[in-house]
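Chain identifiers are assigned alphabetically (A, B, ...) following the order of the sequence lines, protein sequences preceding nucleic acid strands; residue numbering begins at 1 within each chain.
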Amino acid sequence: MDHKKVRVRFAPSPTGGLHLGGVRTVLFNYLFARHHRGEFVLRIEDTDQTRYVPGAEEYIIECLRWCGLEADEGPHKGGPFAPYRQSERKALYRQYAEQLVQSGHAYYAFDTPEELEAMREVEKARGNHSPQYNHSIRRSMRNSLTLEAEEVKALLEKGAPYVIRINMPENGEVQFTDMIRGTVSFQTNTVDDKVLLKADGMPTYHLAVVVDDYLMKISHAFRGEEWLPSAPVHILLWKYLGWEKEMPQWAHLPLILKPDGNGKLSKRDGDRLGFPVYAMNWTDPKTNELTKGFRENGFLPEAFVNMLVMLGWSKGTDQEIFSMEELIEAFSIEKVHKGGAKFDYIKAKWFNHQYIQKTDNVRLAELFQPVLKEKGIAFDATYVSTIAGLVKERCHLVNEIWDHGFFFFIRPDKYDLDAVKPKWNTDKQTFFEEWINVLSGLEDFTFAPIEDSFKQLTAAKGIKPGELQLPFRIMLCGGKFGPPVFTIAETLGREETVERMKLALAAFA
RNA sequence: GCCGCGUUGGUCAAUCGGCUAAGACGCCUCCCUUUCACGGAGGAAUGACGGGUUCGACUCCCGUACGCGGUACCA
């Protein structure tokens with residue numbers, strides 16, 4: 001690797017929520033930058049004004065913050081290469097497009113959308129499956145290659161709308177080395193004359209990435225595999241603009257695929273299969289439609305990130321759980337796979353489960369509080385964190401603390417009578433009535449004394465302890481679940497325990 | 001259609017010519033526990049296909065098949 005300072009960038013288009021795959025692209029950029037002690041830039045590619053979605057940029061920034069993948073430079077914090085929004089850099093691009101026209105690598109095209117459409121119709125009728133504005137077509141279109149110089153000048157002067165298109169060479173090969181895929185090559189006549197500058201004066205992605213990557217001194221450009229087919233356009237632009245020596249090294253990341261079938265994972269798949277695809281909840285400002293996010297679904301950001309990094313990258317050992325520091329240390333772009341990976345929500349939850357076990361109960365309780373609030377239940381932080389500690393080993397999502405510990409917050413509203421009734425008798429009834437008295441007078445209402453008194457009384461009554469533990473559990477929880485039953489009693493406290501026993505006894509009879 | 005990129009168990013994946021093909025998730029059996037879970041011990045399950053190259057190929061090369069991506073004045 002050369003000695004150029006490592007600078008990478010994540011360049012999303014602010015059109016909606018941030019997809020899993022987007023976060024993974026951020027992650028790989030971030031890890032690469034940190035590993036090489038370089039810089040990570042956030043650049044907003046909002047060149048398509050018709051697709052602007054309010055709030056999307058703020059959402060993206062918040063996602064990065066939540067994931068712990070914050071950029072060093074960006075629209076939210078500035079930096080030496082500001083502005084970082086392409087819409088605010090609009091004036092910059094035109095000169096480069098003009099420069100390309102001057103050097104013959106681009107040209108003005110005056111074709112109207114209708115003319116373009118007509119051309120496509122004609123071509124399709126002739127059996128051309130997907131007509132491209134390319135070397136063979138451009139000769140019959142209205143552009144500065146076919147029109148007389150005076151006519152072009154006249155059109156320009158009278159303000160006729162036009163775009164600037166790249167002039168793809170007819171016979172040539174573009175070759176480059178992708179850090180993940182090795183040598184990739186294209187025949188130039190198979191790629192069309194992409195629009196570089198739109199009629200509204202905004203650049204297209206193709207021009208903007210190249211110009212901004214150059215201006216922002218980007219050393220390595222990572223993006224999704226879907227960009228591979230347009231790579232030759234970008235490579236040629238670097239060359240035509242005379243910046244070839246500064247061109248970043250490319251890496252096209254594999255796609256994240258849907259769990260069933262094939263194809264790129266989409267928001268729709270999440271809705272269909274019941275799991276989040278976006279990092280955080282996203283509400284479409286137009287339709288008000290809410291798309292669920294990993295964060296609100298009870299994922300810890302460390303787990304989310306760890307799960308994502310394993311989708312397409314492997315250290316080469318059997319280690320699967322990595323701290324951010326370990327990832328920064330171990331990450332290398334060469335170990336990123338070529339093939340796409342299917343997203344597995346079950347495995348994703350397994351990662352989260354691992355992290356929940358390692359997470360401090362106080363933090364877990366804080367993350368769980370919103371669930372209680374939503375239910376209109378208030379408990380003090382210490383109590384909630386005790387519960388979190390008691391049930392976390394069976395939680396794959398933070399929100400599941402409720403599913404596994406709701407009875408710590410509310411009395412059971414129904415009992416698993418099928419598990420009690422068949423074996424219920426007056427001896428058991430009597431046992432519990434007497435034990436209530438014992439418990440009421442117990443000096444120290446904690447695990448050991450509770451268990452001791454239980455054992456003493458079962459022995460005295462000649463009933464097997466096991467016969468009574470399950471009913472006791474059902475009295476307190478309502479069903480066959482939860483942590484050790486004497487722990488539940490201790491946690492609930494004497495009053496609540498006794499009260500629940502009385503209530504249950506009435507229901508069991 | 002054309003162009004490009006891929007292809008190891010159901011899924012994530014290791015292997016960079018020596019494989020009796022790791023490990024993880026999930027699944028199944030058992031142990032622990034008179035709840036569930038955690039934990040522990042086992043088990044089933046993999047190199048798309050066909051040709052080369054080689055003493056030897058999952059690994060390299062070439063075809064084929066299949067999949068995906070692209071084919072916009074969207075990114």
Report task. Taking atom P in both B/G39 and B/G51, compute the distance separating them and give it to the nearest angstrom. Result -> 47 Å
Query raised in the report: B/U35, B/C73, B/C25: which one has an atom nearest the side-chain heavy atoms of A/Pro113?
Result: B/C73
Query raised in the report: B/G23, B/C38, B/G10: which one has an atom nearest the side-chain heavy atoms of A/Asp344?
Result: B/G10
Query raised in the report: Hey, are the side chains of A/Glu329 and A/Phe322 touching, using non-hydrogen atoms and a 4.5 Å cut-off?
Result: no
Report summary line: Of the candidates B/A75, B/G69, B/G1, the side chain of A/Leu255 sits closest to B/G69
Query - Interatomic distance at C1', B/C5 relative to B/U20, whole Å - result: 35 Å
Query raised in the report: Does OP1 or OP2 of B/C12 have a side-chain N or O of A/His337 closer than 4.0 Å?
Result: no
Report task. May I ask you to decide if the ring planes of A/Phe294 and A/Phe343 are parallel, tilted or perpendicular, using 30° and 60° as cut-offs? Result -> perpendicular
Query raised in the report: If the P atom of B/G10 is compared with that of B/G6, how far apart are they to the nearest Å?
Result: 23 Å
**Report entry** Assigned partner base of B/U20, Watson-Crick or wobble definition, under 3.5 Å
**Finding:** none
Query raised in the report: So what's B/C25 paired with, Watson-Crick or G-U wobble, going by both distances under 3.5 Å?
Result: B/G10
Query raised in the report: Is the distance from OP1 or OP2 of B/A75 to the nearest side-chain N or O of A/Lys198 less than 4.0 Å?
Result: yes
Query raised in the report: Does B/G70 have OP1 or OP2 sitting under 4.0 Å from an N or O in the side chain of A/Lys264?
Result: yes
Query raised in the report: Looking at A/Phe431, does the NZ or CZ of A/Lys428 lie under 6.0 angstrom from its six-membered ring centre and within 45 degrees of the ring axis?
Result: no
Query raised in the report: What nucleic acid atoms does A/Pro484 come within less than 4.0 Å of, heavy atoms only: base, sugar-phosphate, or nothing?
Result: base
Report task. Look at the side chain of A/Thr190 and decide which nucleotide, out of B/C3, B/U71, B/U11, has an atom nearest to it. Result -> B/C3
Requested in this report: Any strand is fair game: report the nucleotide pairing with B/G63 by Watson-Crick or G-U wobble, both distances under 3.5 Å, or none.
Outcome: B/C49
Report task. Just say parallel, tilted or perpendicular for the rings of A/Tyr205 and A/Trp227, cut-offs at 30° and 60°. Result -> parallel
Report summary line: Of the candidates B/G4, B/A24, B/C38, the side chain of A/Trp350 sits closest to B/A24
Query raised in the report: How long is the line joining CG of A/Leu273 and P of B/U11, in whole Å?
Result: 15 Å
Query - Whole angstrom value for the distance that separates P of B/U34 from CG of A/Leu468 - result: 14 Å
Query - For B/U71, the Watson-Crick or wobble counterpart (both distances under 3.5 Å) - result: B/G1
**Report entry** Value in whole Å for how far the P atom of B/C12 lies from CG of A/Asn306
**Finding:** 17 Å
Query raised in the report: Rounding to a whole Å, what distance do you find between A/Asn134:CG and B/G70:P?
Result: 20 Å
**Report entry** Closest non-hydrogen atom pair between A/Pro254 and A/Glu225, with its separation
**Finding:** CA-OE1, 3.7 Å
Query raised in the report: Between B/G69, B/C12, B/U71, which one does the side chain of A/Lys194 approach most closely?
Result: B/U71
Report task. Starting from C1' on B/A24, measure out to CD on A/Gln354 and report it in whole angstrom. Result -> 10 Å
Query raised in the report: Just how far, in rounded Å, is C1' of B/G6 from NZ of A/Lys342?
Result: 13 Å
Query raised in the report: Is a side-chain donor or acceptor of A/Thr146 paired with a backbone partner of A/Met141 at a separation under 3.5 angstrom?
Result: yes
Report task. For A/Ser130, answer base if it contacts any base atom (sugar-phosphate contacts may also be present), sugar-phosphate if it contacts only those atoms, and nothing otherwise; contact means non-hydrogen atoms under 4.0 Å. Result -> base
Requested in this report: Among B/G1, B/C73, B/A22, find the nucleotide with the atom closest to the side chain of A/Asp318.
Outcome: B/A22
**Report entry** A/Val277 side chain near A/Thr291 side chain, heavy-atom distance below 4.5 Å
**Finding:** no
Query raised in the report: Mapping A/Lys338 and A/Ala199 onto RNA chain B by nearest heavy atom, which one lands closer to the 5' end?
Result: A/Lys338
Query raised in the report: Base, sugar-phosphate, or nothing for A/Gly339, non-hydrogen atoms under 4.0 angstrom?
Result: sugar-phosphate
Query raised in the report: Out of B/C25, B/C73, B/A75, which nucleotide sits closest to the side chain of A/Trp227?
Result: B/A75
Query raised in the report: In terms of side-chain heavy atoms of A/Lys347, which of B/A24, B/A37, B/U35 is nearest?
Result: B/A24
Query - B/C74 OP1/OP2 closer than 4.0 Å to side-chain N/O of A/Thr15 - result: no
Query - Closest to side chain of A/Tyr205, choosing from B/A75, B/U35, B/G1 - result: B/A75
Query raised in the report: Which comes earlier along RNA chain B counting from the 5' end, the contact point of A/Arg181 or that of A/Ser230, where each point is its nearest nucleotide?
Result: A/Arg181
Query raised in the report: Within less than 4.0 Å of OP1 or OP2 of B/A75, is there a side-chain N or O belonging to A/Arg51?
Result: no
Query raised in the report: Rounded to the Å, how far apart are A/Tyr107 OH and B/C73 C1'?
Result: 13 Å
Query raised in the report: Rounding to a whole Å, what distance do you find between A/Glu451:CD and B/U33:P?
Result: 14 Å
Query raised in the report: When the aromatic ring centroids of A/Trp250 and A/Phe222 are compared, is their separation below 6.0 Å?
Result: no
Query raised in the report: Between A/Arg43 and B/A75, is there a side-chain N or O to OP1/OP2 distance below 4.0 Å?
Result: no
